[in-house]
2 protein chains.
Amino acid sequence: MATIRDVAKLAGVSVATVSRVLNNQGYVHEDTRKKVEQAIRQLNYKPNAVARSLYKKTSKSIGLIIPDITNPFFPQLVRAVEETMYEAGYTVLLFNSDEVLKREQHIIDLMVTKYVDGIIIVSNTIKYEHLKDLSIPIVALDRVISQEIPSVSVDNYEGARKAVRLLIGKGCKKIAHLRGPKNVFTAEERLRGYMDEMNSQGMETFVYAGNYELNTSMVETMKLLTENREIDGIFAGNDVMAVGAIKAITKLGIHIPDQLKIIGFDGIELGTVITPELSTLKQPIVQLGKKSSELLLNYINGNEKVLRHYVYQAELIERDST
Amino acid sequence: MATIRDVAKLAGVSVATVSRVLNNQGYVHEDTRKKVEQAIRQLNYKPNAVARSLYKKTSKSIGLIIPDITNPFFPQLVRAVEETMYEAGYTVLLFNSDEVLKREQHIIDLMVTKYVDGIIIVSNTIKYEHLKDLSIPIVALDRVISQEIPSVSVDNYEGARKAVRLLIGKGCKKIAHLRGPKNVFTAEERLRGYMDEMNSQGMETFVYAGNYELNTSMVETMKLLTENREIDGIFAGNDVMAVGAIKAITKLGIHIPDQLKIIGFDGIELGTVITPELSTLKQPIVQLGKKSSELLLNYINGNEKVLRHYVYQAELIERDST
């Protein structure tokens, strides 16, 4: 009698893919689906009912893996996911990974044993190869992991260009960029946006290394303004770094926005709490959380058959720092 | 043949209490335990093995109910709980309740059906009567719900007195209190500390209503300083309100700390981000999360037999606002 392995072999796909087709779960390419269905017919494969029901075991819960809830970008995002899931009758298992790959993999293994129905993950370290054999739906949030994993994110590149254009439009002549950490998707995209916009305007670029954190950003800004006294505009890779920069600028006695203008990225609440209030490219954080949840639910319920990537535009918010 | 109900009746306790004794789970008073054990012997009660194993079904997960993860006090707390639980092999189901009693009750019901092994709850609305029939361990965090529910909290009253004493020591003559919301345990305790310390020093009291939020606090501070121009010290019921107050004070052109000193409560990171940096009574947030998790694990594993209440002292942190 034919087994699931025979079907996989004949169709030239993984066992996980056959599982996905059998359970009508998640994102299988239409061509692949047809190949699998043909192999099933050809071999007269009958899935084992007990195994299937065991496989189908559902917990009405999903796993949410984020780098760190104490990073001010995440509370709103987590809240939006939790609310959308709660309304749909699902509970949320929350994990902080610090983007340590080993931990992420352990968390994912753990979730599989808990029969979670799906996973939403925010990660720069996890790659498609770590996820491709999983038989549960996964949605990448905030960052695109691979074309094969559905995702919900923001157009960081275009947002960065908008930020730089605003500074130029306000008369800034020397604009520096406090970049986010290397190999982090959002940081690389925002850097690329800065470089392209500056180059297209024929302006000199000044890039300083930050890591999305406040204290490093203060130190880096001090250095930046000591080395280049003529800098009159800063595009910070995120709001947290912008807030650090503002602390440093204020300490140096430089007036914002008269002598120096600064703009961030993210639109976290912190930007409205400080003085001067921070101009920024606001991500639709709540919408990102909501959409990723809805997308995951659609995959779980089999309503979503094709791979989807949603990209939102960040909104330019002008406050007192530009 | 005797049932669990017969045992409960004879011992004069609830069925849930008998369950707790049978499963050696959670906080049953020693006297009660003895009464139940005596009734079991007297009736020769034999618990049904299947029912018991069903009852004992465990998910190696716990529920964590907080008011709102976007309140800056909670991310650190949630992270500490998640880490401690993760290390112990437990996952965390996170819920935002907004302290709406109906929602809290629904969440608890949901968690019972999910066989969570225990619950950590931060709530002002839930009362002992809503929890007393639950057969799973519960720990109250940040706030004491009742003497019958184990808890981990901070001495808000004493912390408030310390805050007021600092302002007095710095020469403040007219000290106002921006209080937190009514009927909220922490807010009431901090108000009581303010009143007692002021009264003991024979000083006039000025209490203004806040609700632990930033914007209301700005408005209230404007009102306060317009009505009482001679106020030279403010004890804000939490750091978020203190930050709102500082925004208002800065707008009014009043210099901190020369003309007016201000101190908050909580020790959230926000206080170090703003200018001037905020003096505060720092709660050991990470320790609170960790201890509540350990306490819950002890109850789950049956190591903790008696009801415990842990109270931590808040630490006075002087920064630039006093």
Side-chain angles (χ1 to χ4, degrees), chain A residues 59-64 66-83 85-86 89-98 103 106-107 110-111 113-116 214-215 218 239-240 243-244 246-251 268-277 285-286, chain B residues 59-64 66-83 85-86 89-98 103 106-107 110-111 113-116 214-215 218 239-240 243-244 246-251 268-277 285-286:
Chain A
S59 60
K60 280 277 184 183
S61 67
I62 67 117
L64 174 59
I66 58 168
D68 182 5
I69 187 73
T70 68
N71 171 330
F73 179 74
F74 291 113
Q76 269 186 285
L77 198 68
V78 168
R79 168 108 211 203
V81 170
E82 196 264 305
E83 290 213 334
M85 286 297 170
Y86 182 79
Y90 284 77
T91 51
V92 175
L93 290 160
L94 179 73
F95 299 91
N96 298 284
S97 71
D98 288 323
R103 182 152 176 170
H106 180 243
I107 291 168
L110 188 67
M111 282 198 277
T113 69
K114 299 229 175 211
Y115 297 110
V116 299
L214 193 132
N215 289 324
M218 281 184 67
D239 286 350
V240 171
V243 170
I246 287 178
K247 282 197 83 169
I249 296 162
T250 308
K251 271 196 187 157
I268 59 174
E269 281 182 20
L270 185 55
T272 64
V273 167
I274 53 154
T275 308
E277 294 190 13
I285 302 182
V286 171
Chain B
S59 61
K60 280 274 183 184
S61 67
I62 69 116
L64 174 59
I66 58 168
D68 182 4
I69 187 73
T70 69
N71 171 330
F73 179 73
F74 290 113
Q76 270 187 283
L77 198 68
V78 169
R79 167 108 211 202
V81 170
E82 196 264 305
E83 290 217 331
M85 285 298 172
Y86 182 78
Y90 284 77
T91 53
V92 175
L93 290 160
L94 178 74
F95 298 91
N96 297 285
S97 71
D98 289 325
R103 182 154 177 168
H106 180 245
I107 291 168
L110 188 66
M111 282 197 278
T113 70
K114 298 231 176 210
Y115 298 110
V116 298
L214 193 132
N215 289 324
M218 280 184 68
D239 286 349
V240 171
V243 171
I246 286 177
K247 282 197 84 167
I249 296 163
T250 307
K251 272 196 185 154
I268 59 175
E269 281 182 21
L270 186 55
T272 63
V273 167
I274 53 155
T275 306
E277 294 190 12
I285 302 182
V286 170

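Order of the sequence lines sets the chain letters (A, B, ...), proteins ahead of strands, with each chain counted from 1. What's counted below: heavy atoms across the whole structure, side chains too, no hydrogens, waters or symmetry copies. Keep in mind that this is a model prediction, so the values were computed, not measured.
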field: Nearest non-hydrogen partners of B:P67 and B:F74, listed with the distance
entry: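 Taking B:P67 first and B:F74 second, the nearest heavy atoms are CD-CZ, 3.4 Å.
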
message: Walk me through whether A:Y86 and B:I107 qualify under side chain to side chain contact (heavy atoms under 4.5 Å, CB included).
response: CA-CA 9 Å; A:Y86 182 79; B:I107 291 168; 3.7 Å; yes

If you count heavy-atom pairs under 4.5 Å between each of [options] and chain A, which one has the most?
options                     : answer
B:L64, B:N96, B:T70         : B:N96
B:V243, B:D68, B:L214       : B:D68
B:R79, B:K247, B:E83, B:Q76 : B:R79
B:V273, B:N71, B:L94        : B:V273

query: Do A:F95 and A:H106 have ring centroids that are under 6.0 Å from one another?
result: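 No; A:F95 has its ring centre 6.0 Å or more from that of A:H106.
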
query: Which atoms of A:L110 come close to chain B, meaning under 4.5 Å heavy atom to heavy atom: side chain ones, backbone ones, both, or neither?
result: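 Side chain only.
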
- prompt: Is the CD atom of A:E269 crowded by more than 12 outside heavy atoms at less than 6.0 Å?
  reply: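 Result for CD/A:E269: open.
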
task: Determine, step by step, whether A:L77 and A:I285 satisfy the side chain to side chain contact (heavy atoms under 4.5 Å, CB included) criterion, reporting the C-alpha distance in whole Å, the side-chain angles of both residues, the deciding distance to 0.1 Å, and the verdict.
output: CA-CA 6 Å; A:L77 198 68; A:I285 302 182; 3.8 Å; yes

- request: Determine yes or no for a side-chain-to-main-chain donor-acceptor pair under 3.5 angstrom, with B:D239 supplying the side chain and B:I268 the backbone.
  value: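 Yes; judged by distance alone, with no hydrogens or angles, the pair exists.
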
message: Out of A:L93, A:N215, A:T272, return the one with the most heavy atom pairs under 4.5 angstrom to chain B.
response: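 Ranked by contacts with chain B, first place is A:L93.
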
message: At a 4.5 Å cut-off on heavy atoms, which part of B:L270 comes close to chain A: side chain, backbone, both, or neither?
response: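 The side chain, not the backbone.
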
